[in-house]
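Numbering of residues begins at 1 and proceeds along the displayed sequence. Both ligands and their constituent atoms are indexed starting at 1 by order of listing.
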Amino acid sequence: MSSCEFESLEKCLESHLPEAELTEVKHILFGKETKKLDLPSCALEAASERDFELKGYRFEAVQEQLRQPRRIRVGLIQHRIVLPTDAPILDQINAMHTRVGEIVEVAAMCGVNVVCFQETWTMPFAFCTREKEPWTEFAESAEEGNTTRFCQELAKKYNMVVVSPILEREELHGTLWNTAVVISNSGNVLGKSRKTHIPRIGDFNESTYYMEGNTGHTVFQTQFGKIAVNICYGRHHPLNWFMYSMNGAEIIFNPSATVGALSEPMWPIEARNAAIANHCFTCAINRVGTVTHHDFGHFYGSSYVAAPDGSRTPGLSRTRDGLLVVEMDLNLNRQISDKWSFKMTGRYAEYAEELTKAVRHDFKPNIMKE
Ligand SMILES: NC(=O)NCCC(=O)O
């Protein structure tokens, strides 16, 4: 069996392990069990008709005396490209809108409040080719582009916050960026968050296409909680997650595009560790499919959500389009912070002082020698 035919770790364990061992293995691998969500039958039927995987899980928190639960639902969407990469650009974008639109409709049936799509969701992952044309034509204005207009309609129609990661073209200076547009459930553009770190690994030749983000570590206050977006390669940088958390993020989305041979062993760890270290929820989303115009590898999906107590949902499929619906009580963040106190015990002033010295060209490492 080739790597791109392997459906998921969870399915493999379920089909090969006896029940009792399976429970123990899952506990060790995934932490406290996430309960399955009862999803409406109309949603399950629609997902099956539209040929995508639909999974739902719930993270619980203790009922407090002074605060009401803050239960919300997030939706993570992973998908392959719809049309071949040599189809006309506008047809490719429109086909992707149609596909994601039909998945968002199901997210609405499941009561999703905040939905996030994968990195540069309207386009094939073309940066690996090194060709500029026609791929730069997929870039759009974050505020005025067709994709943002499309998402604004979805947001209003379904009363849903939409996080839409696109290739952004800023017309004024002709600059391209890798940007997540955050659209409020009112339909207004709340703002945008540009990818902080650009990969310099293998065929991820992204630095020739767009610039390092300049929007800092913005957090968006939505009706359903404070959210932030750490795009793809930023997940390898613990300080990047940390800065979103320092600005108050309760949920950090990580829309990604990454392939198996490169990053799969790291995938289940990085966003999960960020949830633990920062007392917040993290949502890791990866596309599926194989880019055929370039020998690049298989995008392995496996989108999942991690909670501050170290537990996580099972991943979506490695091969199929999918929607992961996750209910979370945001009160869990403070409950875990009170228990473990990582943020409270962090020696930030000390780190800041040492870091300020460490980034200087004349820095002398603090090493004792005999
Ligand atoms: N899109 C992107 O940044 N990919 C880089 C590879 C990775 O971070 O796994």
Side-chain angles (χ1 to χ4, degrees), residues 3-4 9 76-81 85 96 116-132 135-136 138-140 142 147 163-168 176-181 192-215 217 228-244 252-275 282-291 293-304 306 315-316 318-319:
S3 158
C4 55
L9 176 68
L76 280 55
I77 295 180
Q78 65 175 42
H79 60 96
R80 60 186 60 241
I81 56 173
T85 48
M96 225 84 89
C116 183
F117 310 148
Q118 66 203 21
E119 181 184 20
T120 55
W121 70 275
T122 59
M123 62 183 288
F125 200 81
F127 307 132
C128 50
T129 64
R130 292 173 189 253
E131 307 147 1
K132 289 287 176 98
W135 316 117
T136 52
F138 280 90
E140 298 180 42
T147 295
V163 181
S164 166
I166 58 165
L167 186 63
E168 177 194 0
L176 303 193
W177 310 91
N178 186 319
T179 302
V181 186
K192 60 188 174 190
S193 189
R194 288 173 171 154
K195 183 169 174 175
T196 328
H197 302 275
I198 306 187
R200 284 165 171 78
I201 176 154
D203 273 339
F204 286 90
N205 299 310
E206 299 175 38
S207 60
T208 48
Y209 289 87
Y210 60 84
M211 291 307 293
E212 257 95 7
N214 58 358
T215 47
H217 294 85
V229 198
N230 176 5
I231 302 177
C232 196
Y233 188 75
R235 79 181 176 282
H236 311 301
H237 293 268
L239 287 179
N240 204 44
W241 295 99
F242 172 73
M243 287 311 301
Y244 291 112
I252 308 176
F253 291 94
N254 174 235
S256 297
T258 186
V259 290
L262 181 69
S263 62
E264 202 160 5
M266 291 140 80
W267 179 255
I269 300 168
E270 290 169 307
R272 190 175 178 193
N273 183 55
T282 58
C283 305
I285 306 161
N286 186 24
R287 63 174 61 204
V288 280
T290 304
V291 176
H293 57 239
H294 189 82
D295 182 17
F296 192 56
H298 169 68
F299 293 92
Y300 54 83
S302 309
S303 304
Y304 71 98
L316 284 179
R318 293 178 76 261
T319 55

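- Heavy-atom contacts from other residues, nucleotides or ligands closer than 6.0 Å to CD1 of Ile269 number more than 12.
- Taking every heavy atom of both residues into account, Pro255 and Gln118 meet most closely at CB-C, 3.9 Å.
- A donor and an acceptor atom, one from each side chain of Asn214 and Arg194, are located under 3.5 Å apart.
- With hydrogens and angles ignored, the 3.5 Å screen pairs no side-chain donor or acceptor of Tyr210 with any backbone N or O of Leu167.
- Listed by chain and number, Glu119, Phe125, Lys195, Pro199, Phe204, Glu206, Cys232, Tyr233, Arg235, His236, Ala257, Thr258, Leu262, Ser263 each place a non-hydrogen atom less than 4.0 angstrom from ligand 1.
- Checked options Val288, Asn254, Ile77, Leu76; the residue passing with Ser303 is Leu76 (criterion: side chain to side chain contact (heavy atoms under 4.5 Å, CB included)).
- If you check the side chains of Thr129 and Trp135, you find a donor sitting under 3.5 Å from an acceptor.
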